[in-house]
Enquirer: 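Sharing a structure below in structure tokens format, with a few things to ask.
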Protein chains: 2
Amino acid sequence: MTKKSADPANASAPAAGSAARQVPMRDFSRSLPMSLLRAREAVMRQFRPSLREHGLTEQQWRILRALAAIEAVEVTELARTAFLLGPSLSRILRDLEARNLIERRIAKADQRRSMVSISKEGVKLMASVAPNSEAIYAEITRRFGARKLAELQEMLGELEHSLAGLGSADDARAEE
Amino acid sequence: MTKKSADPANASAPAAGSAARQVPMRDFSRSLPMSLLRAREAVMRQFRPSLREHGLTEQQWRILRALAAIEAVEVTELARTAFLLGPSLSRILRDLEARNLIERRIAKADQRRSMVSISKEGVKLMASVAPNSEAIYAEITRRFGARKLAELQEMLGELEHSLAGLGSADDARAEE
DNA sequence: CCGAGATACTTAACATGTTAAGTGAATGCG
DNA sequence: CGCATTCACTTAACATGTTAAGTATCTCGG
């Protein structure tokens, strides 16, 4: 495990065509999406092993947490809360229901909607996971600093807000 | 757009088996992983349509960008640069090679390693995508503010750094 | 009433994330 | 030299992300 071939820092000879040089791009490792991806991965890396011990994925855990705070929700509303796309949620709910961690019933007023709620078993599972999860979060907070953490989340919220309504709604360009 | 706000006619009866609200945790929507996820999604939502028009996924684009800066890399090194796991990279490289966007050859000194490089077609494709991509990035920067963006990325880097070496190496707790 | 359009999901299809196992090639050590 | 280890990937298997269709239900104008 010595050095990995060359050092890519300098040199940077764009090889074949000069097309790449005509459109110079930022150092890709410093792009915002990459920064966000790496930071999130660094955080999730802490939680995954604990969740895995309880047979839960990150998304399943998100759903249970979202359900724990309310009586029942429609699937669409749950998708927004847990930040999952409909198809993902649909699959996960099917599995969680098969494991008896959640319950569903059709809304009486509207046969299209189904109301989802956490089951007693789901609550028990949560109770066995939550302490560990909270401890990990506390350690992260301790390492990074509570104040900085709040600042970071504030900035993330602002970023999200400043991009709201750019590409989310179809801009109806009629450009085809 | 009928409002779905409060109680949709069924008045959400206290529900016989409702087990919610028994495991107190932080408001889950304010957790760090969720903040990071939402922020990243808000950003990527801007890029995906453009990439899609060129038949590229986000990950494929990351790989091409990483390759554009160098002559050739080993797969393992590329995985680190593009922040992809081995198996994902393996599949994507197979597809990119089939599309003639990259090239591969076995390293002479070590038959296990394969050196990957971008092809001329790959460079051409990049040249057709990069301007649009840069424009989007510029717009994001404009909206959020260049200084704040730099600050944010600084903090993300610190977060990543402060968590380095927590759960990455197996802690061999022997706690079971 | 009725049928066109909107809603609330669900399925399908393809691509990636994630972990575990497999394969072939180098290395190190007795 | 022989062979167990380690390495550098690749496959496999399952779960989710992402977009497009499909299905049943509801709403509303005529």
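As the structure is a prediction and not an experimental result, all values here were calculated from the model. Note that these values count all heavy atoms, side chains included, but never hydrogens, waters or copies made by symmetry. All chains are named by letter (A, B, ...) in the order of the sequence lines, taking the proteins before the strands, and each is independently numbered beginning at 1.
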Enquirer: Given atom CG of L51(A) and atom P of dA15(D), what is their separation to the nearest angstrom?
Expert: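 Checked: the CG to P distance equals 15 Å.
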Enquirer: Indicate yes or no: does E103(A) engage K120(A) in a salt bridge with an N to O separation below 4.0 Å.
Expert: no
Enquirer: Please list, chain by chain and in numerical order, all residues satisfying side-chain hydrogen bond (donor to acceptor under 3.5 Å, both in side chains) with R52(B), sequence neighbours excluded.
Expert: none
Enquirer: Rounding to an integer number of Å, can you tell me how far R48(B) CZ sits from dA20(D) P?
Expert: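 That distance rounds to 13 Å.
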Enquirer: For a quick check of understanding: with a heavy-atom distance under 4.0 Å over all strands, which category does T57(B) fall into, base, sugar-phosphate or nothing?
Expert: sugar-phosphate
Enquirer: With a 3.5 Å cut-off and sequence neighbours excluded, list the donor-acceptor pairs that the side chains of residues 84-97 of chain B form with protein atoms.
Expert:
from, atom 1, to, atom 2, distance (Å)
S88(B), OG, R91(B), NH2, 3.3
E97(B), OE1, R104(B), NH1, 3.0

Enquirer: Could you work out, with side-chain hydrogen bond (donor to acceptor under 3.5 Å, both in side chains) as the rule, every residue matching E151(B), not counting sequence neighbours?
Expert: none
Enquirer: What is the distance from CG of L84(A) to P of dT16(C), rounded to the nearest Å?
Expert: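 Going from L84(A) (CG) to dT16(C) (P), I get 20 Å.
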Enquirer: With a 3.5 Å cut-off and sequence neighbours excluded, list the donor-acceptor pairs that the side chains of residues 28-37 of chain B form with protein atoms.
Expert:
from, atom 1, to, atom 2, distance (Å)
S29(B), OG, D27(B), OD1, 3.1
S29(B), OG, D27(B), OD2, 3.3
S31(B), OG, F28(B), O, 3.2
S31(B), OG, M34(B), N, 3.4
S35(B), OG, Q153(A), NE2, 3.0
S35(B), OG, S31(B), O, 3.2

Enquirer: Distance check needed: dA13(C) P versus D95(B) CG, whole Å only.
Expert: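 Checked: the CG to P distance equals 18 Å.
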Enquirer: Given atom CG of L85(B) and atom P of dA13(D), what is their separation to the nearest angstrom?
Expert: 19 Å
Enquirer: If you only use heavy atoms from C-beta on, which nucleotide in dT18(D), dA26(C), dT19(C) is closest to the side chain of R52(A)?
Expert: dT19(C)
Enquirer: Kindly determine whether E41(B) and R48(B) satisfy salt bridge (charged side-chain N to carboxylate O under 4.0 Å, His left out), including the steps that lead there.
Expert: CA-CA 10 Å; E41(B) 179 53 29; R48(B) 261 191 288 268; 2.6 Å; yes
Enquirer: What's Q60(A) touching, base or sugar-phosphate or nothing? Going by heavy atoms closer than 4.0 Å.
Expert: sugar-phosphate
Enquirer: Can you name the residues that form a side-chain hydrogen bond (donor to acceptor under 3.5 Å, both in side chains) with R62(B), not counting sequence neighbours?
Expert: E58(B)
Enquirer: For D110(A) and dC28(D), what is the distance between atoms CG and P respectively, to the nearest whole Å?
Expert: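 Value for this atom pair: 12 Å.
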Enquirer: Whole Å only: how far is the CD atom of Q59(A) from the P atom of dC14(D)?
Expert: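 Rounding to the nearest Å, CD of Q59(A) and P of dC14(D) are 18 Å apart.
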Enquirer: Can you tell me how far C1' of dA15(D) sits from CH2 of W61(A), to the nearest Å?
Expert: 18 Å
Enquirer: Tabulated below should be each protein N or O lying under 3.5 Å from an N or O of nucleotides 9-12 of chain D; please produce it.
Expert:
from, atom 1, to, atom 2, distance (Å)
dC9(D), OP1, S114(B), N, 3.0
dC9(D), OP2, V75(B), N, 3.4
dC9(D), OP2, T76(B), N, 3.2
dC9(D), OP2, T76(B), OG1, 3.1
dC9(D), O5', T76(B), OG1, 3.2
dT10(D), OP1, R104(B), NH2, 2.9
dT10(D), OP2, S90(B), OG, 2.7
dT10(D), O5', S90(B), OG, 3.2

